[in-house]
Protein chains: 2
Amino acid sequence: MKNASKAPQPGRRASIKDVAARAGVSTATVSHVFSGKKHVNEALEKRVRAAARELDYSVDRVASRLRSGKAKVIAVMVPDLEDLFLSRFVSRIEAQAEDSGFEVILSCSRNDPELERTRLRAMLAWRPTGLVFVPCHEELPMEVFRDHPDLPIIGADRVNPSLTPFDTVTVDNYGSGWTAADNLILKGAKKILMLSSITEIATIRERIRGARERIERERDVELQVLAVGSEPTRGAEKLTEWFGEHGLPDAVISLTNVMTLAALATFAQIGIEAPDDLLLIGYHDSLWMTARKVPITTVSLPIDDVARAVWQRLESRVAGDSSPNRNTVLSTTLIERDTTLGRRPSR
Amino acid sequence: MKNASKAPQPGRRASIKDVAARAGVSTATVSHVFSGKKHVNEALEKRVRAAARELDYSVDRVASRLRSGKAKVIAVMVPDLEDLFLSRFVSRIEAQAEDSGFEVILSCSRNDPELERTRLRAMLAWRPTGLVFVPCHEELPMEVFRDHPDLPIIGADRVNPSLTPFDTVTVDNYGSGWTAADNLILKGAKKILMLSSITEIATIRERIRGARERIERERDVELQVLAVGSEPTRGAEKLTEWFGEHGLPDAVISLTNVMTLAALATFAQIGIEAPDDLLLIGYHDSLWMTARKVPITTVSLPIDDVARAVWQRLESRVAGDSSPNRNTVLSTTLIERDTTLGRRPSR
DNA sequence: GGTAACGAATTAAACGTTTAACTGTCAATC
DNA sequence: GATTGACAGTTAAACGTTTAATTCGTTACC
């Protein structure tokens, strides 16, 4: 008879008590073995581990978190997981979190403030260590945060730093619009069209504002903005329509990836081509933009840097940093490719 | 003096006890108010809610889960979150989960079996209700699953149904390869090149096997396979090299999205074009493939259906369905566009 | 008026851990 | 050979909920 084997109830999972009983030690010792917080005799440790294996025991993090109050979990809330920027952002945050030993709980508000509120509430009920939050609306769900006064929160991307009572990391959308417009103006564009899905998103509005303020410095340049919804084929139709009414502009700035596709589809359909017939700048650089006969000039957003900065800030807050909120703004890069080249010699 | 207000400790979060004390009721009543499992007098309920609001109380799901044993949480493990298929898959699963009131914890193995093992262990320590698992390797981490014998698991996509002791939902990769090859053969292709990043992934191998078996039925058609790694520019170089050595094939089947980009980059660089100089079929239909002058023929993978089937299976398992494991295989669609058109009349 | 039946609220025992406080044991120090 | 300290292990009390069992009061019924 080698073990004081008290078999656990048939259906139940083995708990620390079962392991302790089987190994003939106290539950405290078992806990010490698995948490490594106190040294235990080698022979004992072996016995404990053996017992655990035989019972298919594994620590229940829920109980552990309840008692100790500590758990390495961060919550991530984004408005749209299909968005290229956001899905990559989530991927990066996830990687950093895991490398630092954090678990990730994920939620998506699908651009619905009401959903955002309820899902946020549900996530935070798990008492995560921190929250990475990309809001879907300027109106933040403050009552939810009020219920969690000590929760470190880092806002990212679609956030208005000046309205946000926590750290933020954003991209210089204003500057990117300015730069794009500036580039086109220098190439002699007089009539510029900005193409967006919707203009309700803060980041998009900033891009437009940047371009507009640059253009206001010129007397003979005009800026138009066309919002066509997020459906690319429908967008292409609307753009065609617009071209019919207003004539071809000198340049198009498409404010999202999908809008660039809509623009290209339109161009192909009505038989015009950048840079011969107009100039084109897209937003959010992506592999397919370079693998074409005429690679596309784009504004590249520093996703990886945003993720890094967010994580860094979060780790520092979690570690107890209580300095005033900081707004980190990262700048974009205009990657100049063929669609903004000077007109090519021969057509 | 309207309330027996016993203020909670300064730093501490308010617990159910604090709320109970402040509202002058028992903790059970507070619990009933928030869980809705038992009716409580309207006036009392009001008092409880008021007290909760004043104390910024919200239920601690961790404690609740510990006591009740129930929690609606599902774990999701995928090998790569930047992959278009997988990130969309995760998005869909997440949406379905949330709609059914489940929380999602997410982890990414980054194609590393060791990471997969440890992260899986960490996730499952939270005792989720179910697991959606896209493995990174044929060798499944069975010991981890052994520790959680009652956990419903659904394997998806990169999984070999015949080696898997749980439900699976996969795509008919074999059939897709067969169909693609068949299509090209009917158009007279004699020399077909399959372009992949790596051939270690089960799904990729199946696609190749499908094409190979179709081609073996012909006496005068040959199939070559070229693996060029997952870096697109490096891939383009290798492909150029290959063209130099072996001459142009009649058709290229690029087995991933990124490989399609590598192929297009190569074509652009050496000045050839589909379908004039060779035919091209890509995998994984994506918006940018249609918004070109010559839209690309692709094998479309039914991601949304996969996600739906996975979720359906999971819900049924969670509900107690103990029927034998089922392997669901969804078929792909070849969307024929311009890159496999018969040679165009004029060049 | 007595009792049965019911509903609403309370009591107190869990759930599976961690951990402060405690008990031995053994070796080192004077 | 007492005293001290260090170390290894145990005891038992939490952590914040849920919930079975219980109490109490009210109403309904004969």
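Atom NZ of A:K17 is separated from atom P of D:dA13 by 13 Å (rounded to the nearest Å). As rounded to whole Å, 13 Å separates atom C1' of C:dA8 from atom CD of B:E45. Summarising the geometry, the separation between CZ on A:R65 and C1' on C:dT18 is reported as 13 Å, rounded to the nearest angstrom. Atom-to-atom, CG of B:N41 to P of C:dC6 comes out at 21 Å; the value is rounded to the nearest Å. B:K70 has its NZ atom 10 Å from the C1' atom of D:dT18, to the nearest Å. Note: NZ (B:K38) to C1' (D:dT18) measures 10 Å, nearest angstrom. Going from atom CD1 of A:I16 over to atom P of D:dT10 covers 12 Å, rounded to whole Å. Residue A:H39 contributes atom NE2, which lies 19 Å from atom P of C:dT19 at whole-angstrom precision.
Using modelled atom types and a 3.5 Å distance limit, the side chains of A:E315 and A:S100 yield a donor-acceptor pair.
Between the OG1 atom of A:T328 and the CG atom of A:D167 there is a distance of 7.0 Å, given to the nearest 0.5 Å.
The phosphate of C:dT18 has OP1 or OP2 within less than 4.0 Å of a side-chain N or O from A:S64. Of the side-chain N and O atoms in A:S26, none sit less than 4.0 angstrom from OP1 or OP2 of D:dG9.
With hydrogens and angles left out, the side chain of A:R67 and the base of C:dT17 share no donor-acceptor pair within 3.5 Å.
No side-chain heavy atom of B:I154 sits less than 4.5 Å from a side-chain heavy atom of B:F133.
Annotation: cation-pi geometry satisfied between A:R49 and A:F34 (NZ/CZ under 6.0 angstrom from ring centroid, within 45° of ring axis).
Among the heavy atoms of the strands lying under 4.0 Å from B:V40 are primed sugar atoms or P, OP1, OP2 only; no base atom is included. Across all strands shown, B:S68 has heavy atoms under 4.0 Å from sugar-phosphate atoms exclusively, and none from any base. Within the 4.0 angstrom heavy-atom criterion, base atoms lie near A:H32.
Side-chain atoms of A:N325 come within 3.5 Å of backbone atoms of A:P165 as a donor-acceptor pair (strictly under, hydrogens ignored).
Taking the nucleotide of DNA chain C with the nearest heavy atom to each of B:V25 and B:L66, the more 5' of the two is matched to B:V25. Both B:T29 and A:F34 sit near DNA chain C, but only B:T29 has its closest nucleotide nearer the 5' end.
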